[in-house]
Each structure stands twice: as C-alpha cells, then as structure tokens.
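To keep things clear, I will list the structure first and then write my remarks on it.
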Amino acid sequence: MSEDLKLSILNKLAADSLIPDTKTAFANVSSETILGALKSLESQEKVTYETITSEVSSIEPEGLDQLKNGSYEARIFNAIPAGEQGISIAELNAKFGKMANLGMGKGFQNKWIKKSGANVVRLVDSIVDQIKADLQTVEATGGNPDVEVIKSLKKRAGLIKQSKTLSYKVSKGANFSTELKKQATDLTVEMLQSGAWKSSEFKKFNFDSLGINPNGGHLHPLMKVREEFRQIFFEMGFEEMPTNNFVDSSFWNFDALFVPQQHAARDLQDTFYLINPATTDELPDFWETVKDVHEKGGYGSIGYRYTWSTEEAKRLVLRTHTTAVSSHVLHKLAQEPYRPAKFFSIDRVYRNEEVDATHLAEFHQVEGVIADKNMSLGSLIAFLDIFFKKMGITNLRFKPTYNPYTEPSMEIFSWHDGFKKWVEIGNSGMFRPEMLRSLGLEEGVQVAGFGLSLERPTMIKYGVDNIRALVGHKVDLGMVQTNPACRLDKKMGKEVFQNKMIESGN
Ligand code: FB9
C-alpha cells in the first residue's frame, strides 16, 4: 500500500510539480498514512512537504436532525397558526416534548412569537430558519463554511463539532525522481561480499522515532507508603532492623518478649506453627534467663509461676509481629557497650485470624523501638506526637491497653474530622524489665515501642476500602501501574483525616 501511495505522490508531483493539499489529492487516504509515505520520501529527499492544519466542522446528531427537519424554533413557529388565537403552550409541549421549550425560547428571542396568556402567537408572518441554512452550508462546504457560520452555530450546543485535520503541501525534493528504489535498512554481510552496498540506497536512520516504552516495574502502593515511613524513621535517626526471616522460633517471637507459654496469642487460632521443621534445634545461650523470669520472675517481677517448656519455646512459627525482630536486635544491642539506640522495622507478619475487609492473615507491621535511659511514658507520648505529625496526623489520644511485653501499654487514637470519631492508629508501650533484663540490657535502660500496620494508612491514602483490592490475587494490576506517587506529608494526613477515611472497623 504505502509503496503505491509513494509512487502516486511522485507521479502526481512529476505531473503537477506541486501537490497543494494532499487532503483533496488523496481524499480517501488518512493523514497518518500520507504522513508515513511523506516521511519516507523525505528521508530519500525525493520530496519536501509542509503541514497544513485546518479545522473541519462535522454536524452532530442534534444538528443533523435540525438540518433535516428545521431548527426547533422554526418547527414551533410553523406549528403556530397565524392570527391572534395562536396555539396553547400545552399543545406545543404535547406535540414537541422537551424541544418545545427550546424552540419557544429561541422563537421569543428572535421576536418571531410571543406569549399571550397560555398561548403563543406569531409576531411575524414568515421566518428564515438560519440555523437550518447554516447547517446546510456546513454540509455543502464539506465542513469548511466561513467562520461566521461556525460562530453562529457554535452558539448552540450540540449542533456541530470542530476537529483539527492535518494535510500536507508537497513539493519536489532535491533528489526527486519517480522511480522508487527499495531502500536498504541494514548493511548486511551479503551486501558487503557482493558489493551491492555500493549501489544500494540506505534508509536514513529516523532519530526522532520514539523508542518502545520498556514496560518498567511499578511499585505497589504498599511499597510506596513503606518508603514514606522509612524516610520518616531515617529522618528521626532510626536504624532499620533486618526483617528477612518470616519464620522464627516461639522463643524470639513470644518467650523472649515475656509472653507466657499458655498465652492466647500463642494458640493455633492466632499463630501459624510450622509442621516441617516443627522446631528449631537449639535456643540461644540466655534461654535459662528467660525460663527463670517466666517461672520465678526477677528484676522486680514475680514472674508467671508456671513450668516453662524448652520444647514449646523451640516451636517454629510464622512471626506474628515484627516485635520478634526487635527482641533479636535488642539482645544484640545488649552485647555491645551501652548506647541509646532507635530501631524500626516494616515487614510482613502473620496472624491466623478471621479474614475480613480490613484484615488478612498477613499484613505489614510498622514498628519502632527506642532504647534509652531516663525515658518515661511521657517521652513516648511526646515522640509519637512528633512521629505522627510527620504524616499529618495530629490530635492524638492514648488509651491504656494490655500487651504481654509492655507495661504500661497504650492504644493510639487520632480524631478524624470526616467521621467525627477517634480512629485507632496504633499501639505502644514501655517494654517490660522481665524482657529487657533477660535480653541482657543493663539496669536503667528502658525501651519504648510502638507499632501500626502499613495496610491501614495505604488503604486510606489510596481510597481502597477492601484490603483484598490492595493485596492478593484479586488486585487489579492497573491500580498498581497507575496509582499516584505517595506523599505521607502534612497534606496527606489532613486530607486523609479530614475527608476520606474509609468507614471501616478500626
Ligand atoms: O494500623 C492501625 N491503624 C491505623 C494506622 C494508620 C492509619 O492511617 C494513617 C493515616 C495514615 C489508620 C489506621 N492499627 C494497628 C489499628 C487498627 O487498625 C487495628 O485494628 C489493627 N491493627 C493491626 C493488628 O491487628 C491485629 C493495626 C495492626 C497493629 C496493631 C498493633 C501493633 C502493630 C500493628 C503494635 C505494636 C507494638 C506495641 C508495643 C510495642 C511494640 C509494638
């Protein structure tokens, strides 16, 4: 196809030495196809061309109806009998439906008709239906009437639509000829061996052609919000904890955190226990310290007064919280000379829980721990104020709660303007000495901790009200590919907490 088109362009040029407007010369060929042929002929310098942009008007369905049957006002006028009596508006409405109002409105405007009581009467004997006439002009000129006509028709919505058309003025190029030699697009070994390259014409490289957009990866919204949290933590001087072990022993996930072995959280319906391997071979060297504090207490605690089982502690689990990672890191910290330290983790945790619109069996926990001396619950509250302010969440309130590994513990709430209610945005507390001392941290070192999920803020940020639309096999990849960048800044918090928070069980 395009070869013949190229040939017919060259022949036309040979005949007329100029093609003033390809749209008329090649009426049934799209401007894209013509452009393709011209670009190729231009690359062989056979032709040069200029682009002609013109507006063409096409008549919309409503326009076609008035072209065929006259404008609404003309139809109304023609329906009104001459004379004082005229016709009742009710009759016109009955006869012309919603067009009656439009027609009468224009008729009044054009001073063709007027109201008299419940009727309308003619003010003139005859009218000129300019709308219909203009539409006929558009049709007759193939959509190129003069601007007056366009202007008056554009005043009425729905009659005509204007679209830009491209056309080209083509002239002979420096290397014009009517014979089209197939241009080589590659210098091949055969051409080199045969010497054919000497007589071949090579297609010019088109350096403007756009490359194929490599289908790049897209960060999942969760990962974008995760990145925002990471930046906030780094900003506040936190070190990131290594979370690349979803499987851990009950010892690190529970026992080291002073969670008693018969605690409900350790039950099957809350925790995924591994079957193979079901247990870890050995416990870390300070396991007896943990055993003792569970059984007999110490460090000011009376302990739980039960027989602690190493077998139970060795059972392998899918970690139920990244606090398991915190216990590893705090134990390692205890091996070093004392230093205040801040650590954070953001990664997957597993809870064998009922799945509902906002809870899956796995979610990402965001956790921060702050080890220091002379820290009080007040410093934790003050810290949380600053932390959440960095994502635009203000106006916090704290409600006492219970965690086996922190005392005192607090749920964190923030007032949500949109829902006129307090929304739970996390949990926190001061880690118990039974945990810290048995991990090896010296007397006087306190550790504050807090945690929240990654899914909740992400769902709110991206307006996702069912977690399955955010995570899992039902996610539409389009959402991942097109979701906007994430800024967990002041605006976000305000925006989230002022208008869009999902009415979900928080
Ligand atoms: O994320 C939660 N809520 C939340 C967070 C942010 C948010 O939006 C922000 C605007 C940007 C909106 C809501 N929660 C914690 C509260 C609830 O959603 C809760 O119902 C569900 N929780 C999860 C656990 O569910 C079983 C969220 C998850 C959670 C809970 C507690 C911790 C971590 C995650 C913790 C902890 C902790 C405590 C002390 C010391 C160390 C860690």
Side-chain angles (χ1 to χ4, degrees), residues 225-226 228-229 232 241 257-259 265 270-271 319-327 329-330 343-371 377 380 383-384 387-396 398-399 401-416 418-419 421-432 435-436 446-464 467 486-502 504-506:
V225 176
R226 178 171 174 268
E228 287 293 306
F229 273 108
I232 291 173
M241 294 189 253
L257 300 174
F258 200 54
V259 179
D270 270 336
T271 300
R319 64 174 177 223
T320 60
H321 47 196
T322 55
T323 321
V325 178
S326 305
S327 58
V329 169
L330 291 171
F343 299 101
F344 80 91
S345 61
I346 307 176
D347 211 329
R348 293 169 188 235
V349 298
Y350 301 83
R351 306 254 174 116
N352 188 358
E353 274 171 351
E354 271 331 292
V355 170
D356 63 21
T358 57
H359 288 85
L360 285 175
E362 76 174 60
F363 69 91
H364 290 76
Q365 176 166 345
V366 178
E367 171 151 324
V369 297
I370 304 159
L377 195 63
L380 173 57
F383 166 85
L384 291 169
F387 177 81
F388 280 107
K389 202 181 261 64
K390 285 184 177 292
M391 65 185 90
I393 298 177
T394 54
N395 193 350
L396 301 185
F398 298 90
K399 185 170 136 232
T401 185
Y402 167 77
N403 297 321
Y405 39 84
T406 51
E407 187 55 42
S409 309
M410 313 179 290
E411 278 172 349
I412 312 162
F413 287 80
S414 174
W415 174 255
H416 178 264
F419 298 110
K421 71 170 185 170
W422 289 94
V423 173
E424 182 193 349
I425 60 172
N427 189 309
S428 63
M430 303 305 286
F431 285 109
R432 301 180 70 106
M435 166 188 165
L436 302 177
Q446 286 137 325
V447 179
F450 69 97
L452 62 155
S453 76
L454 189 61
E455 281 73 5
R456 305 289 315 114
T458 307
M459 288 171 74
I460 295 161
K461 168 83 192 132
Y462 288 93
V464 177
I467 196 159
C486 162
R487 305 257 4 94
L488 262 190
D489 52 19
K490 304 238 156 327
K491 197 172 64 37
M492 194 290 255
K494 284 205 178 20
E495 159 212 315
V496 161
F497 267 77
Q498 256 118 36
N499 54 21
K500 244 195 325 74
M501 176 61 97
I502 313 292
S504 60
N506 248 311

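Just so you know, ligand 1 is whichever comes first in the structure, and atom 1 is the first atom listed for that ligand. All residue numbers refer to positions in the sequence shown, counting from 1.
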L452 versus G426, closest heavy-atom pair with distance: CB-CA, 4.1 Å
Between Y350, F363, Y405, which is the residue that forms a ring-ring contact (aromatic ring centres under 6.0 Å, His included) with H321? Y405
What atoms of ligand 1 come within less than 4.0 Å of a heavy atom belonging to I460? 7 (C), 8 (O), 12 (C)
Donor-acceptor contact below 3.5 Å, side chain S453 vs main chain R456: yes
Can any side-chain N or O of R319 pair as donor or acceptor with the backbone N or O of R348 at less than 3.5 Å? yes
Just which atoms of ligand 1 are under 4.0 Å from any heavy atom in E367? 41 (C), 42 (C)
Partner of V349 under side-chain contact (heavy atoms from CB on, under 4.5 Å), picked from T320, T322, T323, is T322
Could you work out, with side-chain contact (heavy atoms from CB on, under 4.5 Å) as the rule, every residue matching A265, not counting sequence neighbours? F254, H263
Heavy-atom contacts with S428 under 4.0 Å: which atoms of ligand 1 show up? List them by number with element. 38 (C), 39 (C)
Heavy-atom distances under 4.0 Å are what count here, so tell me which part of F450 touches ligand 1: side chain, backbone, both or neither. backbone
Numbered atoms and elements of ligand 1 in range of F431, under 4.0 angstrom, heavy atoms: 40 (C), 41 (C)
Identify which of D270, I425, V366, V447 has a heavy atom lying nearest to atom 5 (C) of ligand 1. I425
Only heavy atoms of I393, strictly under 4.0 Å: list the atoms of ligand 1 that pass. 9 (C), 10 (C), 11 (C)
My understanding is that only residues two or more places apart in sequence, or in another chain, count here; which of them pass salt bridge (charged side-chain N to carboxylate O under 4.0 Å, His left out) with R432? E434
If you take all heavy atoms of P404 and V259, which pair is closest and at what distance? CG-CG2, 3.7 Å
Under 4.0 Å from one or more heavy atoms of R351, ligand 1 contributes atoms 24 (C), 25 (O), 26 (C)
Is F388 near ligand 1, meaning one of its heavy atoms is under 4.0 Å from it? no
Could an N or O of ligand 1 be found under 3.5 Å from any N or O of E424, whether backbone or side chain? yes
Backbone or side-chain N or O of S453 under 3.5 Å from ligand 1 N or O: yes
